[in-house]
Amino acid sequence: MYTKTGLESEVNAVPVRTRYAGSPTGLLHVGGAWAAFFNWLFARHHGGAFIIRVEDTDRTRSTEESERAILEDLRWLGLEWDEGPDRGGAYGPYRQTERFALYARYAHALLERGAAYECYCTPEELEAERQRARARQLPQRYSGRCRDLSAAQRAALAAQRRPAIRLRLADFGRAIAVWDLIRGRVEFSPQHLDDYIIIRSDGTPLYNFANVVDDHLMAISHVIRGAEHLSNTPKQLVIYEALGWTPPQFAHLPVILGTDRKKLSKRLGDTAVRDYRRRGYLPEALLNFFALMGWYPEEDREIYSLEELVARFRIEDLGKASPVFDPAKLTWMNGVYMRRALETDPGRVVQVCLAVLLAEGLLAEPVAPEQRAYVEQVVRVLGDRLKVGEDILTYGDFFFREVTFDPAAEQQYLRRPEVRELLRALADRLERDGALNHAAAEAAVRGLAQERGIHSREVIHPARVALTGKTAGPGLFELMELLGRPRVVARLRAAAERAG
RNA sequence: GGCCCCAUCGUCUAGGGGACCAGGACGCGGCCCUCUCAAGGCCGAAACGGGGGUUCGAAUCCCCCUGGGGCCA
């Protein structure tokens with residue numbers, strides 16, 4: 001009955017159409033972005049269409065602002081879609097709240113065919129039922145009380161309240177098999193399934209129903225979604241059959257986990273694409289990283305261009321096990337892309353860093369050309385230390401604001417009796433000289449060290465702390481040149497005051 | 001509680017009966033480079049959850065257990 005898919009069958013004549021169906025109840029989650037990416041890859045690989053559908057039936061939690069933010073982040077990632085709420089298409093509307101008439105129509109079709117029935121139980125009664133079942137450690141299933149009401153009973157109840165609509169499922173009579181492109185055949189026995197509500201008494205549709213109606217009406221050929229929906233699939237298949245529809249092919253992706261091995265949650269760090277965007281990650285790095293969760297296009301290789309990923313994508317190659325999201329590896333990968341951009345397109349790195357500086361309030365819009373040029377210089381000096389945009393702050397904040405002394409650094413290099421005098425002497429030397437460029441800075445520092453008969457390190461380390469507040473960072477002479485003589489001299493003298 | 005899914009280094013994974021005393025990457029440790037850090041180079045520690053089978057032979061196939069995850073308006 002449900003066998004039309006077949007694992008080994010090539011994608012058939014049906015045009016490939018995939019979709020990302022998210023709820024606009026917050027920012028785009030990395031798990032959602034990951035699923036969206038695989039849908040996008042599959043569609044692009046097959047020259048098909050990628051569709052965005054907004055599942056906003058939960059009106060209390062859905063917002064337009066969230067929808068906008070999600071679309072914006074998807075676009076930022078580069079996952080352009082062919083149809084969606086903002087650009088329309090032949091299968092719209094693309095928001096579920098605009099499709100209620102369709103759900104009502106098919107719910108009634110189900111009712112007429114006897115595949116669904118009206119249920120007059122109240123949410124309170126049902127909740128109480130569940131509580132009792134839980135207390136006795138019994139399966140939490142619907143009693144079926146309204147399944148076979150007589151016309152008279154129904155009329156009596158209808159006089160009092162509006163019914164919900166339930167799908168008839170528990171007495172379906174035979175096993176339901178899901179053919180999953182990743183997992184193979186998964187069989188469910190309807191005895192363990194429950195008559196479930198497809199339309200609430202207030203008329204709003206539930207996920208398992210709206211999803212089926214939309215996927216069918218939008219001619220979705222491949223439903224690629226998280227494994228949390230695998231148990232929903234048999235319930236959905238019953239609707240396809242009752243309505244005489246051919247179901248799409250299914251592929252259930254593993255669920256991305258946090259380092260606690262639980263579903264990725266905010267407690268353990270950033271989980272929204274927006275978080276990474278703000279911190280100065282590159283979209284192509286994010287996508288490359290996503291590709292390596294649950295999939296390895298080739299052996300012994302991690303860096304791929306988008307084109308390569310599109311060309312290689314095969315849904316059968318996806319893994320079944322749930323990957324743990326590892327931000328450290330993402331950061332490493334972003335560094336690879338940043339270094340590459342530094343060589344081929346430094347303007348991009350500047351752009352990413354600029355955004356961080358603006359967000360931090362260290363620069364304000366509009367950014368003047370000379371400010372931008374200054375940032376370009378800082379980026380050049382910081383070089384491959386910039387693994388993510390926000391590294392401009394971790395390694396170079398002192399280029400944009402007064403020095404903040406790292407306590408450990410100060411303790412190690414400024415709390416020495418001879419340092420106060422040494423920094424003053426360096427300031428004196430620099431003040432005497434002309435322009436402060438790399439060579440002049442080096443000459444002054446090395447000259448001072450030689451004069452004192454000490455290693456240049458003895459001057460360099462305290463000077464770095466004096467100028468930057470840190471022990472780590474760009475080369476001293478480069479940063480001195482960029483800082484310029486007035487700031488260098490002032491900071492050396494100020495640090496001398498603190499020292500000793 | 002019921003049903004379903006999953007299981008190789010800390011993490012992402014390669015592996016689909018002999019090519020594996022298990023390969024790559026991140027992270028971690030050491031060394032080199034060096035004014036520090038970063039990058040880079042070299043080296044290293046680090047895994048087939050357990051138990052039964054099948055087989056001449058199992059990380060690879062089957063079963064059980066254990067563990068993790070998901071669904072049950």
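Per chain, numbering begins at 1; letters A, B, ... match sequence-line order.
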What does [N] pair with, Watson-Crick or G-U, if both distances are under 3.5 Å?
N: B:C3; value: B:G70
N: B:G17; value: none
N: B:C31; value: B:G41
N: B:C26; value: B:G10
N: B:U54; value: none

Counting heavy atoms from C-beta on, name the nucleotide in [options] closest to the side chain of [X].
X: A:R457; options: B:A7, B:C35, B:C3; value: B:C35
X: A:T471; options: B:U11, B:C12, B:U36; value: B:U36
X: A:R385; options: B:C37, B:C5, B:C35; value: B:C37

Cation-pi between A:R312 and A:Y304: NZ/CZ under 6.0 Å from ring centre and within 45° of the ring axis?
no
So what does [X] touch, heavy atoms closer than 4.0 Å: a base, only the sugar-phosphate, or nothing?
X: A:G226; result: nothing
X: A:P474; result: base
X: A:K470; result: nothing
X: A:Y207; result: nothing
X: A:L292; result: sugar-phosphate
X: A:R464; result: base
X: A:E187; result: sugar-phosphate
X: A:S456; result: nothing

Is A:K329 side chain donor-acceptor paired with the B:A25 base, going by distance under 3.5 Å alone?
yes
Give a yes or no on whether the backbone of A:S62 and the side-chain of A:T25 come within a donor-acceptor separation of less than 3.5 Å.
no
Donor-acceptor under 3.5 Å (A:D326 side chain, A:A328 main chain):
yes
Can a salt bridge be assigned to the pair A:D345 and A:R340 using a cut-off of 4.0 Å between side-chain N and carboxylate O?
no
If you find the nucleotide of RNA chain B closest to A:A164 and the one closest to A:Y296, which residue's nucleotide is nearer the 5' end?
A:Y296
Nearest-nucleotide wise, let me know which of A:A227 and A:L476 is further upstream toward the 5' end of RNA chain B.
A:L476
Rounded to whole Å, how long is the line connecting atom CD of A:E302 with atom C1' of B:G27?
13 Å
Among A:F289, A:Y281, A:F290, whose ring-ring contact (aromatic ring centres under 6.0 Å, His included) with A:Y276 holds?
A:Y281
